[in-house]
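Sharing a structure with you now.
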Amino acid sequence: MRRLTLTVLISLALTGSALAVSVFELSSKCGDDGKAYCEGVSYGDAMQDCLNANYKKLSAPCKLVMDRVNGGEKVSIF
């Protein structure tokens, strides 16, 4: 029983971390796009809304990250 519990906990931990976009990844792949299209916009939901409003103009790496965020992945500080 302990082995099953440990296996489930490890699976949940791996799944949780795999379903998150780090702030570093978001800023490194969308930083230039944010500066170009969302100057003066605060971070968080407002920035996500702005990037989505300018989706067609975003760089390919930023589009990939935004697709993940829009698909339900959470933004994590780790």
(request) Side-chain contact test, heavy atoms from C-beta onward, threshold under 4.5 Å: evaluate it for Cys38 versus Leu51 and give yes or no. (result) yes

(request) Spell out, yes or no, whether Ile77 and Phe24 are grouped together once hydrophobic residues are joined by side-chain heavy atoms under 4.5 Å, including indirect joins. (result) no

(message) Nearest 0.5 angstrom please: Asp32 CG to Cys62 SG, how far?
(response) 9.5 Å

(request) First locate atom OG of Ser27, then atom CE of Met47, and finally report the distance between them rounded to the nearest 0.5 Å. (result) 10.5 Å

(message) In the structure I gave you, are the side-chain heavy atoms of Lys63 and Lys29 within less than 4.5 Å of one another anywhere?
(response) no

(message) Under the rule for side-chain hydrogen bond (donor to acceptor under 3.5 Å, both in side chains), what residues qualify as partners of Ser59, not counting sequence neighbours?
(response) Asp33

(request) Working to the nearest 0.5 Å, report the span between CD of Glu25 and CG of Leu64. (result) 9.5 Å

(message) Grouping I, L, V, M, F, W and Y whenever their side-chain heavy atoms are under 4.5 Å apart, do Val23 and Val21 come out in a common cluster?
(response) yes

(request) Please collect all side chain to side chain donor-acceptor pair (under 3.5 Å) contacts where either partner lies in residues 37-49, sequence neighbours excluded, each pair once. (result) Gln48-Asn70

(message) I'd like to check Leu58 versus Met66 (side-chain heavy atoms, cut-off strictly below 4.5 Å). Are they in contact?
(response) yes

(request) Decide yes or no for Val65 and Pro61: does some side-chain heavy atom of the first lie under 4.5 Å from some side-chain heavy atom of the second? (result) no

